[in-house]
Amino acid sequence: MRDIKGIHLKETVRNLILDAINLSFEEMPIKDADVLFGDDSVWEFDSLDAIAIITSLEAHFLIKIEENKDEFQEHFRSINDIAKHLESL
């Protein structure tokens, strides 16, 4: 596993998300607290986006993410939540 802690973690997560869905920050200026999935999301990411994002995170950080639906909704709600979850691994 790569060192996950660091001041640039949220920026790294944001870049990995954007790369996974083939967009740039200019096209999709995601903020740290933006809801990424579900009814409250302004981005309308779907399950295929979730798979791409998880795959990207796993490859970059050399980890395995095994979440059930409830855990996913809690840990992957926003960039803030993803970073917090990654730091806890």
Side-chain angles (χ1 to χ4, degrees):
M1 175 175 24
R2 289 187 183 175
D3 182 21
I4 293 177
K5 299 186 186 327
I7 59 171
H8 300 291
L9 179 58
K10 291 178 186 177
E11 181 179 341
T12 301
V13 169
R14 179 184 295 88
N15 290 334
L16 290 170
I17 289 170
L18 292 170
D19 287 347
I21 57 174
N22 298 313
L23 291 174
S24 69
F25 185 75
E26 290 76 27
E27 295 169 304
M28 186 171 276
I30 302 172
K31 297 181 182 101
D32 292 350
D34 283 356
V35 176
L36 302 175
F37 298 95
D39 296 336
D40 298 334
S41 175
V42 296
W43 302 114
E44 300 179 1
F45 292 153
D46 61 21
S47 59
L48 293 177
D49 295 323
I51 292 168
I53 291 167
I54 288 173
T55 301
S56 179
L57 292 169
E58 288 178 333
H60 181 81
F61 292 112
L62 305 175
I63 58 172
K64 182 70 178 156
I65 298 172
E66 298 181 27
E67 308 288 322
N68 67 38
K69 184 178 178 182
D70 292 333
E71 291 171 333
F72 180 84
Q73 290 175 343
E74 176 185 345
H75 298 150
F76 288 81
R77 183 169 173 82
S78 68
I79 290 173
N80 287 334
D81 294 327
I82 293 170
K84 182 178 176 183
H85 179 60
L86 291 173
E87 288 177 330
S88 75
L89 297 178

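- Taking each heavy atom of S41 and L36 in turn, the nearest pair found is OG-O, 3.0 Å.
- Between I79 and K10 the shortest heavy-atom distance is CG2-O, 3.7 Å.
- Taking all atoms of both residues into account, the shortest heavy-atom contact from I54 to F72 is CD1-CE1, 3.6 Å.
- For the pair L86 and H75, the minimum side-chain heavy-atom distance is 4.5 Å or more.
- With values rounded to the nearest 0.5 angstrom, D49 atom CG is found 6.5 Å from F37 atom CZ.
- Looking at every heavy atom in both residues, D32 comes nearest to S78 through O-CB, 3.4 Å.
- Under the 4.5 Å side-chain contact rule for hydrophobic residues, I51 and L57 do not share a cluster.
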> Does the side chain to side chain donor-acceptor pair (under 3.5 Å) test come out yes or no for S24 and E27, once each step is laid out?
Replying inline: CA-CA 5 Å; S24 69; E27 295 169 304; 3.2 Å; yes
> Please walk me through it: do T12 and N15 pass side chain to side chain donor-acceptor pair (under 3.5 Å)?
Replying inline: CA-CA 5 Å; T12 301; N15 290 334; 5.8 Å; no
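- Counting heavy atoms from C-beta outward, I30 and W43 have side chains that approach closer than 4.5 Å.
- Heavy-atom neighbours of R77 CZ from other residues, nucleotides or ligands within 6.0 Å: at or below the threshold of 12.
- The CE atom of M28 sits 10.0 Å away from the CG atom of D34 when rounded to the nearest 0.5 Å.
- Distance NE2/H60 to CG/L16: 5.0 Å, rounded to 0.5 Å.
- The shortest side-chain heavy-atom distance between F45 and V35 does not fall under the 4.5 Å cut-off.
- Remark: the E74 side chain and the H85 side chain contain no N/O donor-acceptor pair separated by less than 3.5 Å.
- No chain of hydrophobic side-chain contacts below 4.5 Å, direct or via other Ile, Leu, Val, Met, Phe, Trp or Tyr residues, connects L48 to I65.
- Closest of all the heavy-atom pairs between F61 and L9 is CZ-CD1, 3.6 Å.
- Under the 4.5 Å side-chain heavy-atom criterion for grouping Ile, Leu, Val, Met, Phe, Trp and Tyr, I82 is connected to V42 within one hydrophobic cluster.
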